[in-house]
Amino acid sequence: MTQRVLLIVSGGIAAYKSLELVRLLRKRGIAVRAVLTQSAAQFVTPLSLGVLTEDQVYEDLFDLKAEREIGHIQLSRQADLVVVAPATANILARMANGIADDLATTLLLATDKPVLAVPAMNVRMWHHKATQRNLHQLRADGVHVMEPDDGAMACGEFGKGRLPEPEAIATEIARLLALPLPVDMLSDQPDFAGDARPLAGRHILITAGPTQEPIDPVRYIANRSSGKQGFAIAAAAARAGARVTLVAGPVHLLTPAGVDRVDVETARQMLAAVESALPADAAIMVAAVADWRTADAADQKLKKDGSGQPAPLTLVENPDILATLGHHPQRPALLIGFAAETQQIADHARAKLARKGADWIVANDVSGDVMGGDANSVQIVTTAGIETWPTLPKGEVADKLIEKVANALSSRPD
Ligand code: C5P
């Protein structure tokens, strides 16, 4: 089936690169329908975009003929992916605030499809606190945001803010659409021996990242988990065809294509989100949940009283989400925990398997720079024994684990 992109071009000197982007997407067999903002039309003409897309180009919210024939809600939902390229500081600000004052932003507010924003702007506009705040908000809302390139700008300044090359944008779009990648990029894709979507029809529930437990309005207890491993597993599960719910603690990562993400902060919120996502065929608990939280988070910032006394903090244990699932009436058929250890890794993992009621524990050695790093050395501990995997990039650990999950689920009844 042809994949469809709704391309929103906003106004900036980089808008001319949208023509090349359309050409590259068409070459990959992706259909493109273009929307121009009023200022983008100063940089590229609807005629050239229309010729390249072989489709009508939409510009005006109140174009009654188009509204009657297609309607902005429909237009926003007919695509598989909505791409804003280039995305100016202005359109990012409007998106982050839910402003719908022209056709482009109305479509962005009305869409239920994944959105990719590809920013391009002057370096100072990029680094401005307002822009960074808007980008943070958009990422938290699940918008995929590509990093701009560094280099010379049309305005004569130098720095970050250049639109990435159209080829890089087209590759990111293809990745988000989960299209087959060019052959030279296939090495990190799982090989499911002819069955490309072995988890089709399955629901996989994943936790990732740290939790943050408030001490007072400005301080919290947390850990160094980056969420990368859990997000890579969610991406691999989605590629394998699963419906994926990813319950994420506070992390700075894009939501992988095809993944339903629920953002939480505390362990108790994570537990509630996990329980409300049940039933699931498999649950993979990758999050580094804080073991303790303060008994009572203070409403006001705690102050030193100058007496040199220890901080007035009482810690209580957080609920164990994995163990709760292990003994839950709706326990997933396959329950997998992670164990971050620095010593006697396999022994601790075996004990954890029993204590938490899990089927597998993925034990990882965190004595190096695994937390935040890109590689992982893991051992899979099950009641049947221990498998030791070589040190691999987190993406490959994810693919191998999902392949193993798919095999395990295929030998169980639905
Ligand atoms: O006990 P420990 O924290 O080492 O266990 C790690 C495993 O248990 C991980 O899978 C982690 O996601 C899960 N866990 C949890 N809830 C907690 C603590 C750990 O789900 N409160």
Side-chain angles (χ1 to χ4, degrees), residues 204-214 220-234 237 244-251 253 261-278 280 282-295 315-328 330-332 334-367 370-372 376-383 386 394 397-398 401-402 404-405 408:
I204 310 290
L205 172 60
I206 296 164
T207 64
T211 62
Q212 282 180 359
E213 310 296 333
Y220 55 79
I221 301 171
N223 59 65
R224 294 184 196 281
S225 168
S226 65
K228 284 182 187 169
Q229 185 64 80
F231 273 58
I233 293 169
V244 181
T245 305
L246 173 63
V247 181
V251 293
L253 293 174
R261 171 173 176 173
V262 184
D263 283 316
V264 297
E265 284 180 6
T266 67
R268 286 185 293 175
Q269 289 167 357
M270 187 172 273
L271 174 62
V274 161
E275 287 192 291
S276 66
L278 293 173
I284 312 175
M285 306 283 98
V286 196
V289 183
D291 288 320
W292 296 280
R293 66 173 186 276
T294 52
L315 299 184
V316 294
E317 215 170 291
N318 262 331
D320 190 313
I321 301 163
L322 177 60
T324 306
L325 280 195
H327 304 101
H328 201 277
Q330 286 182 291
R331 181 192 190 280
L334 182 61
L335 180 59
I336 305 170
F338 268 63
E341 304 286 357
T342 52
Q343 53 182 349
Q344 292 173 291
I345 296 163
D347 288 347
H348 284 148
R350 249 190 250 103
K352 204 159 287 178
L353 198 60
R355 196 169 67 242
K356 306 227 183 190
D359 298 300
W360 308 344
I361 292 286
V362 181
N364 57 340
D365 184 350
V366 289
S367 52
V370 166
M371 283 206 159
N376 209 352
S377 325
V378 307
Q379 292 181 299
I380 314 289
V381 183
T382 70
T383 46
I386 298 181
K394 287 181 175 173
V397 171
L401 186 66
I402 286 302
K404 196 171 162 66
V405 166

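Both ligands and their constituent atoms are indexed starting at 1 by order of listing. Counting from 1, the numbers follow the sequence of the chain as shown. For clarity, every value in this text was computed on a predicted model and none was experimentally measured.
Counting only distance, with no hydrogens or angles, the side chain of Asp359 and the backbone of Leu335 share a donor-acceptor pair below 3.5 Å.
In this structure, the side-chain hydrogen bond (donor to acceptor under 3.5 Å, both in side chains) partners of Asn318, at least two apart in sequence or on a different chain, are Glu213, Arg293. For Glu275, the side-chain hydrogen bond (donor to acceptor under 3.5 Å, both in side chains) partners two or more places apart in sequence, or in a different chain, are His328. Asp347 meets the side-chain hydrogen bond (donor to acceptor under 3.5 Å, both in side chains) test with Arg350; sequence neighbours excluded.
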Tabulating one pair per line, provide the atom names and distances (0.1 Å) for every N/O atom of ligand 1 that is less than 3.5 Å from a protein N/O atom.
unit_1	atom_1	unit_2	atom_2	d
ligand 1	1 (O)	Lys356	NZ	2.9
ligand 1	4 (O)	Lys352	NZ	2.5
ligand 1	5 (O)	Lys356	NZ	2.9
ligand 1	8 (O)	Lys356	NZ	3.1
ligand 1	10 (O)	Met285	O	2.6
ligand 1	10 (O)	Phe338	N	2.7
ligand 1	10 (O)	Phe338	O	3.2
ligand 1	12 (O)	Met285	O	3.2
ligand 1	12 (O)	Ala287	O	2.6
ligand 1	16 (N)	Ile321	N	2.9
ligand 1	20 (O)	Ile321	N	3.4
ligand 1	20 (O)	Leu322	N	2.8
ligand 1	21 (N)	Pro319	O	2.8

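Residue Gln330 qualifies as enclosed at atom CD: its count of foreign heavy atoms under 6.0 Å is above 12.
The distance from atom CD1 of Ile206 to atom CD1 of Ile284, rounded to the nearest 0.5 Å, is 4.5 Å.
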